[in-house]
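See structure below.
Counting convention: from 1, in listed order, for ligands and their atoms alike. We use all heavy atoms of the structure for the numbers below, so side chains are in, but hydrogens, waters and symmetry mates are not.
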Amino acid sequence: MKKVLVINCGSSSLKYQLIDMETEAVEAKGLAERIGIDGRLKHTPAGKDTVVIEEAMPDHNKAVELVIGALTNPEYGVIKDMSEITAVGHRVVHGGEKFNSSVLINEDVIKAIEECSDLAPLHNPANLIGIRACQKLMPGTPMVAVFDTAFHQTMPEKAFLYAIPYKYYEQYGVRRYGFHGTSHRYVSERVAALMGKKPEEIRTVVCHLGNGASVCAVDHGKSVDTSMGLTPLEGLIMGTRSGDMDPAILSYLMGKEHMNIDQMMDVLNKQSGVLGLSGISSDFRDIEAGQKEGKAGAKRANDAFVYRVAKFIGAYAAAMNGIDAIAFTAGLGENNAAVRKEICSYLEFMGVKICDKRNAVRGTEALISTDDSKVSVFLIPTNEELMIARDTMELVG
Ligand code: ADP
């Protein structure tokens, strides 16, 4: 039996899934949260109730220890001991230009991930802490790093360069890297499978619309452009992030509001987007409800969000000289039929036609366009954990 433990480690949380690679079924999943604060572990064995374990987690080592304890618990565990785990797959946010695919972790890889930390100071150090904690508690178990940025390393220079002095790219690596790569790869592969084609045969735009949101142009299986940039702040309007805007707004607003750069960045990362525009919430469920109640802020945020996504799809149709498919994924893409329909209504000029009956679905793979639509439109629930587990197995053998 081959089993892969998938770990997604943040600064104060650690998400995990144990996946049986013969069936690709999730045997257990959970979340260790409030690490370094107090500590709580929510553990859910497949088909059973969630167990909540309140225990002090001063650091990530303790969190991993508790995860191992939960997975091997005689009552709610799913394995006898850790030797049943073939390998561990770690999500790593930033691989810079060093990684264009997943890799087996060794000391050189750890050093290279450390070197990318400059580009993702909030994420990479946390990912590394998770890797170190697992190495300590599972010595001898092979570990793999799967990068959010790797899929986008196929972008051509014309798509990834910013039009600022070239020396900043050369000296500091300032360029578009893109994120959500594991999700864009998974979804674009599923689209090809559902169309009965190979990924190399089609051009797809994947819309990953969650709290964080990005669009990706996948041209014959390769990412050729994506909306997030050096950091996840660029591109679409997100839950609390502004996405694209005139960079001159920074100095203008900093002057008006007497803000320093940290305060300004906090506004752009945490107070903007759907939250900032609506004045209601960053959660699209509240935006949906607000629109029904006739709240102007809700409609304002919804309309701007939808418009921006449609604009990107139009741009990527030009980038790829046409598109064969559009796919919606992540929390909002998978659950909000109205948003999907509104985005596609901008694309009727390309022959995109949504079928209302087919579109009345959530959280399941579905074709949502009409039979005579020139572009096939899909809803594809993303599964980054499965992709990480598959990459891990492939490298471990
Ligand atoms: P994250 O980027 O944090 O992983 P998600 O993919 O969970 O975000 O997406 C969060 C967004 O998806 C929110 O705006 C939320 O309203 C929407 N969403 C998530 N689940 C549902 C649901 N069951 N019904 C409607 N909207 C949902």
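- Contact between Val361 and Ala366 at its shortest, heavy atoms only, is CG2-CB, 4.0 Å.
- Among residue pairs with one or both ends in residues 54-107, those qualifying as ring pair (Phe, Tyr, Trp, His ring centres under 6.0 Å) are His43-Tyr76, His94-Tyr177, His94-Phe179, Phe99-Phe147; sequence neighbours excluded.
- With a 6.0 Å cutoff to the six-membered ring centre and a 45° limit on the axis angle, Arg176 does not count as a cation-pi contact of Phe160.
- Within 4.0 Å of ligand 1, protein heavy atoms belong to Gly210, Asn211, Gly212, Asp283, Phe284, Arg285, Ala330, Gly331, Leu332, Asn335, Arg362, listed by chain and number.
- Ring geometry for Tyr316 against Phe312 counts as perpendicular: the plane angle is over 60°, on a 0 to 90° scale with 30° as the lower cut.
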Inset, instruction - Kindly indicate, with the supporting measurements, whether the criterion side chain to side chain contact (heavy atoms under 4.5 Å, CB included) is fulfilled by Ser242 and Ile237. - result: CA-CA 5 Å; Ser242 63; Ile237 294 172; over 6 Å; no
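- Taking the six-membered ring for Trp and the full ring otherwise, the centers of Phe378 and Phe328 sit at least 6.0 Å from each other.
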